[in-house]
Amino acid sequence: MLTMDDLVSRVRTAVSAIPTGTIATYGDVAELVGCHARQVGRIMAAEGADLPWWRVTNVRGELPAHLLPAARARWDDEGIPFVPDAPGARIASCRADPSAWVARLPREFPTGG
DNA sequence: TCGCTGACATCCA
DNA sequence: CTGGATGCCAGCG
């Protein structure tokens, strides 16, 4: 049984494991923790304050306007390009390798199987 | 204790 | 941009 607390814990673990300088999508995280992408967004909004949330974007590599200023600063720090004219380019060039990302997770991390 | 409704940092045609 | 599909939570009666 996957409770909300379990889900929060998994999301926190998964997001924390995203390698520096790379980004993942809500869908990636959702698939990894075994829930819907939208659920990840809810958790990030509520519990993601102390996580590298700027490494988690939507499928287009974008974030809501109220987060963009802070996210851009983080992306700049980590060498992640901000490409306002071609947001897809960022997600394409900086998306974390799932294998490398998942490898950073603890063995105990339940991926659903 | 339900059932409806609105809000959310999503995704797709 | 518009409209529908998904999952979960919070507020109201």
Side-chain angles (χ1 to χ4, degrees):
Chain A
M1 181 60 181
L2 191 63
T3 68
M4 187 57 184
D5 286 345
D6 290 335
L7 204 52
V8 171
S9 180
R10 294 192 197 196
V11 169
R12 290 177 58 86
T13 301
V15 173
S16 298
I18 300 174
T20 302
T22 69
I23 55 180
T25 70
Y26 294 103
D28 289 339
V29 177
E31 186 174 355
L32 192 62
V33 304
C35 72
H36 197 265
R38 203 163 178 175
Q39 174 66 302
V40 175
R42 287 193 63 82
I43 293 172
M44 293 292 286
E47 305 287 340
D50 58 340
L51 295 174
W53 52 263
W54 56 91
R55 296 181 193 149
V56 184
T57 74
N58 65 14
V59 74
R60 295 175 54 80
E62 297 174 317
L63 284 171
H66 71 99
L67 291 173
L68 270 180
R72 282 166 50 171
R74 298 297 189 172
W75 290 336
D76 185 59
D77 287 345
E78 300 189 3
I80 299 171
F82 176 64
V83 190
D85 291 336
R90 178 172 55 249
I91 190 66
S93 64
C94 298
R95 194 172 189 169
D97 289 336
S99 60
W101 174 30
V102 173
R104 294 170 57 89
L105 297 171
R107 290 190 301 102
E108 295 79 10
F109 189 86
T111 57

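Naming: A, B, ... by sequence-line order, numbering from 1 per chain.
Legend: residues meeting side chain to side chain contact (heavy atoms under 4.5 Å, CB included) with A/A71, ordered by chain and number and at least two apart, are A/W53, A/W54, A/L63, A/W75. The side chain to side chain donor-acceptor pair (under 3.5 Å) check on A/R38 picks up nothing, with sequence neighbours excluded. Residues satisfying the salt bridge (charged side-chain N to carboxylate O under 4.0 Å, His left out) test with A/R42, not counting sequence neighbours, are none. Qualifying side chain to side chain donor-acceptor pair (under 3.5 Å) partners for A/D50, counting only residues two or more places apart in sequence or in other chains: A/R12.
Residues A/M4 and A/I43 form a side-chain contact, since some pair of their non-hydrogen atoms from C-beta on lies under 4.5 Å apart. Between A/L105 and A/V102, the closest side-chain pair of non-hydrogen atoms falls below 4.5 Å.
Comparing B/dG6 with C/dC8, their C1' atoms are spaced 13 Å from each other, to the whole Å. For B/dA7 and C/dG7, the C1' atoms lie 13 Å apart once the distance is rounded to whole Å.
Bounding nucleotides for the chain A contact on DNA chain C, 5' to 3', at a heavy-atom distance below 4.0 Å, are C/dA5 to C/dC9.
Residue contacts for A/G48: at a heavy-atom cut-off of 4.0 Å it reaches no nucleic acid atom on any strand shown.
Distance alone, capped at 3.5 Å, is enough to place a donor-acceptor pair between the A/T13 side chain and the A/S9 backbone.
Residue pairs meeting the salt bridge (Lys or Arg N to Asp or Glu O under 4.0 Å) criterion with at least one member in residues 67-80 of chain A, sequence neighbours excluded, are A/R55-A/E78. Sequence neighbours left out, not one pair with a member in residues 15-26 of chain A passes salt bridge (Lys or Arg N to Asp or Glu O under 4.0 Å).
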- Query: In dot-bracket form, how is DNA chain C paired, counting a Watson-Crick or G-U wobble pair only if both its distances are under 3.5 Å and using | for bases paired to another strand?
  - Reply: .||||.|.|||||
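Contacts between residues 36-47 of chain A and DNA chain C, counted as heavy-atom distances below 4.0 Å, involve A/H36, A/R38, A/Q39, A/R42.
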